[in-house]
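The structure appears below as structure tokens.
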Amino acid sequence: MDTQVTNEHDRQEHYLNVDYGIRSWLLTRDHKRIALLYLGSITFMFFLGGIFALVIRLELLTPAGDIVGADTYNKLFTMHGVIMIFFFLIPSIPAVLGNFLVPLMIGARDLAFPRINLASWYIYSLGALFGLWAVFTGGVDTGWTFYAPYSTTASYTKVVPTIVGAFLVGFSSIFTGLNFIVTIHRMRAPGLTWFRLPLFIWAHYATSVIIILGTPVIAITLGLVAVERVFRIGIFDPALGGDPILFQHLFWFYSHPAVYIMILPSMGIISEVITCFSRKRIFGYSFIAVSSLAIALLGFLVWGHHMFVSGQSVYAALIFSVLSFAVAIPSAVKVFNWTATLYKGSISFEAPMVYALGFIGLFTIGGLTGLFLAALGLDVHVHDTYFVVAHFHYIMVGGAIMGYLAGIHFWWPKITGRLYPETLARIAALIVFLGFNLTFFPQFVLGYLGMPRRYYVYPPEFQVLNVMSTAGATILGVGYLLPMLYLTWSLRWGARAGANPWRATGLEWQTPSPPPTYNFATTPLVTEEPYAYPLREAREY
Amino acid sequence: MLERLGLMPTQASTVSGDVDALYLSLVGLSLVFSLGIAAALAYFAIAYRRRSEAHEAEQIHGSLALELVWSIIPFTIAMGIFIWGASLFVTLKRPPDNALEIFAVGKQWMWKLQHLEGRREINALHIPVGRPVKVTLTSEDVIHSFFVPAFRVKQDAVPGRYSTVWFEATKTGSFHLFCAEYCGTEHSGMIGTVTVMEPDDYQDWLSAEMAGGMAGTAQGDDPLSVAAAGGELFRGLGCHTCHRQTAGALGPSLTELFGSQVSLRGGRTVLADEAYLRESIVDPRAKLVDGYQPVMPTFQGQVSEEGLMQLVAYIKSLAAEQDS
């Protein structure tokens, strides 16, 4: 870039330099600024949850209890789970990248309800404050699953504040989901028909449907736990006339679909990144789009596979098992289509692409090991062991977080107007991939050997695999710290990004980086399908 | 070999080989699929890497035939695995009729087990090799889970209800018993040992003199059998004053109850199994027997879970006496 462009860039007004005051951030209704507020909040929560994970792994380095006590350990894995799931993963991609990109990708000036969008961040923050209050005034030890009657009767920790926190962030998700659904229905640019929508939008649409239908159920369930705990009204505790299995049904009715809230947006990112860096149309567009909806619908019908050994009837178990196998198919279809997209492409390997390729590999392993857990007779043995821990980390960390990092790098130039350091980013992506596999692959073996999850001390024969896992976790920690550092560095010293540094299709690349407050100088007109590579003209702004 | 490499646990029950076969088949299938995907990714990444800025991709929209192939084939395989897993599960869920009965109560943080003949153990279970064993599980407080990796079996012990798990050991030796459902501070300390013995050794062990205070409700040398202890409890609680065989008794007779179909008020019938008996003791008004008034008080909180299991065993023994 020559100096002329740089000067022009500095003069240009965009959403970041339009106003610098604190009020302009805290009272903003700009979806892009709200996305950045979320980015700050969830990054803080991610590193807090990550510190807990590291202490857990250090504790498990030896079979005996060494650095923390049993109660502290139980609180650590609980707070790691609660923070990572409710305060990081569920809001991560939708509230940051979705918030930033949904209006840009469909050619809209903002989301349909900018004030509700801002309110959602405040509600999230209030929920996060409750969560942090619980963490810093003694913690909570129920496991992120809050199983009754332990959570309602036996735990002497900060269960209610944690529940209030999770309850509140649920509402912030609902606000975001509602906003996306209305925006995608009503505010698409002229010519942007449903089957011209980027797959990122399809994924967010499906996610929003799950959020709106599922989140009220977890809110009610957690509310009932609080009611039983505080007022001793028998709902789940059999000593009070309740039924503990009822809790599990209600909890997993939301919490299984919640897995798809975490992974679908990530899948949307992968579709954008793969097409861009192979400069090729997506293979099987409509199959990928419709498979997102299929996952959203089928995902609501499989919650009982978390309860195969809880004592539900054999018939219920059979039905939940067969449906769980069925939900694997749309996910497999996506993987096959992404792979086929590379065929005869023009492929380059910038950091987002490295993350995306890593995502495909790790998500494939995560998905295949899901079949082990859906197979009834086998699940009996591996249920509640480290096999399950490894499986869901492959989906939620190997899948969701790899996708999130792919997306953060891919759209970083658009969000900040700066390029990140490419070589460092590629190295970080490889470190994350290697560290992740070293951390979690041994846990599959540990689980099949029979090591139960949530064990503070364990029999000595499990030590070697635990040492491998802990070694991997430290590498993974470095892999996550690096982007934090170089992305921050790039804010000031990164090279200026043009409007479209990747030569990608998509409306978000047809406006300057960073975009102006209302996104587009004139509403774009869409005349072709998405991913219409090769890009016919590289327009500069 | 996988066992010696430390990649698989010992196979010590009749089902462990079957579970491992399914596991290894799935491992094989996963290797085929994931290595296939990885090979395709690697090949495409190398063959179609961008050699110059002028290198254009060949635009392909998709292929209905391929979409069908890669939906239908995985679906068919998935259904095959479903059927395999389901048939194994049904086996795991159906204890054989001749199974030895053990009663187990989980509590924070120990397993309390009792043999039908009365011998009790804590965090230890002795069983004979080559004989099916059925464990009836419940919990005194929160949910626990009875897990023996060497047997490939697991079942939650849920407060307020009974569940069962069965296994037949094929190997003598000592194996881990774990609690697999998180239950609080000492969850990872809620572990024990399953000792599998030759049948003769088991008989000797069973009749061996007990350590003081471990024996049933009796004070003597020989422990009372579970059913006999239940009988003592039955009389001690005064159950027999209403549950008599004479006409006009306040409560229904229990002699032929277990295993029968009971007619309830409102025309429904219910199978008199362990869960029904337990419920009728702690919540007598939940299922009222046709022709009787709701006069029985609840015994919720007055009888321990072990006492309830003894009462149930006693009522079962009454029916068994009638049969023979």
Side-chain angles (χ1 to χ4, degrees), chain A residues 70-71 74 143 147 149-150 154 238 244-245 278-281 283-284 287 309-311 314 317-318 321-322 325 328-329 332-333 335-336 339 342-348 357 360-361 364-365 368 371-372 375-378 380-381 383-384 445 448-450 452 454-459 533-534, chain B residues 7-9 19 22-23 26 30 33-34 37-38 40-41 44-45 48-50 55-62 67 70-71 74-75 78-79 81-82 85-86 88-90 92-93 141-143 145 147 149 152-156 158-161 163 176 178 180-188:
Chain A
D71 281 325
N74 294 342
Y147 265 27
Y150 186 80
I245 305 294
S278 47
R279 293 203 179 155
K280 190 159 168 291
R281 281 155 215 253
F283 194 92
F287 288 89
V309 300
S310 72
V314 173
L318 289 172
S321 171
V322 75
F325 279 105
I329 307 303
V333 164
V335 169
F336 294 138
T339 309
L342 298 179
Y343 177 67
K344 297 205 169 167
S346 167
I347 305 170
S348 63
L357 294 173
I360 297 179
T364 301
I365 295 175
L368 284 165
L371 299 182
F372 291 59
L376 283 164
L378 186 51
V380 169
H381 177 60
H383 183 87
D384 269 335
V445 183
Y448 201 75
L449 285 171
R454 298 172 171 176
Y455 262 31
Y456 164 63
V457 294
Y458 56 86
Y533 289 99
Chain B
L7 297 175
M8 306 260 288
V19 175
L22 177 54
Y23 171 69
L26 276 166
S30 302
F33 270 89
S34 48
I37 295 280
L41 289 179
F44 293 161
Y48 305 117
R49 69 186 183 280
R50 191 174 305 152
H55 174 191
E56 292 284 4
E58 192 175 313
Q59 299 304 331
I60 303 163
H61 275 88
E67 299 288 348
W70 64 44
S71 305
F75 183 77
M79 287 305 111
I81 305 164
F82 160 69
L88 194 54
F89 185 67
V90 171
L92 291 171
K93 283 283 159 189
D141 36 48
V142 300
I143 301 175
S145 192
F147 178 32
R152 314 285 191 273
V153 294
K154 182 182 292 117
Q155 179 64 48
D156 286 2
V158 182
R161 49 166 89 193
S163 48
H176 284 300
F178 290 135
E181 182 65 62
Y182 172 67
C183 58
T185 310
E186 295 292 328
H187 168 53
S188 62

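Here is how names work: the chains are called A, B, and so on, in the same order as the sequence lines, proteins then strands, and each is numbered from 1.
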Practice problem: Can you tell which part of B/A180 gets under 4.5 Å to a heavy atom of chain A, answering side chain, backbone, both or neither? | Solution: both
Self-check item: B/R50 side-chain N/O to A/S346 backbone N/O, donor-acceptor pair under 3.5 Å
Solution: yes
Quiz item: Which one, B/D141, B/L22, B/I60, leads in non-hydrogen pairs under 4.5 Å with chain A?
Solution: B/I60
Quiz item: Can you say whether A/L342 sits under 4.5 Å from chain B via the side chain, the backbone, both, or neither, judging by heavy atoms?
Solution: both
Quiz item: In terms of heavy-atom pairs under 4.5 Å, which option from A/I245, A/V333, A/D71, A/V322 contacts chain B the most?
Solution: A/V322
Quiz item: Can you find a pair of side-chain heavy atoms, one from B/H187 and one from A/Y456, that are under 4.5 Å apart?
Solution: no
Self-check item: Option in B/G160, B/A78, B/A38 with maximal non-hydrogen atom pairs under 4.5 Å from chain A
Solution: B/A78
Practice problem: Below 4.5 Å from any heavy atom of chain A, which atoms of B/V158 appear? Answer side chain, backbone, both or neither. | Solution: side chain
Practice problem: Check whether A/Y147 gets within reach of chain B through its side chain, its backbone, both or neither, counting any heavy atom under 4.5 Å. | Solution: side chain
Exercise. Counting only heavy atoms closer than 4.5 Å, note whether A/T339 contacts chain B via side chain, backbone, both or neither.
Key: both
Quiz item: What option among B/S188, B/G85, B/A57 has the most heavy-atom pairs under 4.5 Å with chain A?
Solution: B/S188
Self-check item: Side chain, backbone, both or neither of B/F147 within contact of chain A (heavy atoms, under 4.5 Å)
Solution: side chain
Practice problem: Any chance you could measure A/L376, atom CG, to B/L88, atom CG, to the nearest 0.5 Å? | Solution: 9.0 Å
Quiz item: Should B/E67 and A/F283 count as side-chain neighbours, where that means a heavy-atom distance under 4.5 Å?
Solution: yes
Quiz prompt | Check: B/S163 side chain, B/D156 main-chain N or O, donor-acceptor pair, under 3.5 Å | solution = yes
Quiz item: Is the B/Y48 ring parallel, tilted or perpendicular to the A/Y343 ring (thresholds 30°, 60°)?
Solution: perpendicular
Self-check item: Max heavy-atom pair count under 4.5 Å with chain B, selected residue of A/G377, A/A328, A/G143, A/S278
Solution: A/G377
Exercise. State, with a plain yes or no, whether a side-chain heavy atom of B/Y23 is found less than 4.5 Å away from one of A/H381.
Key: no
Exercise. Could you look at B/K93 and say if it's the side chain, the backbone, both or neither that has a heavy atom under 4.5 Å from chain A?
Key: side chain
Practice problem: Below 4.5 Å from any heavy atom of chain A, which atoms of B/L92 appear? Answer side chain, backbone, both or neither. | Solution: side chain
Practice problem: For residues A/R279 and B/Q59, report the shortest heavy-atom separation together with the two atoms involved. | Solution: O-NE2, 3.1 Å
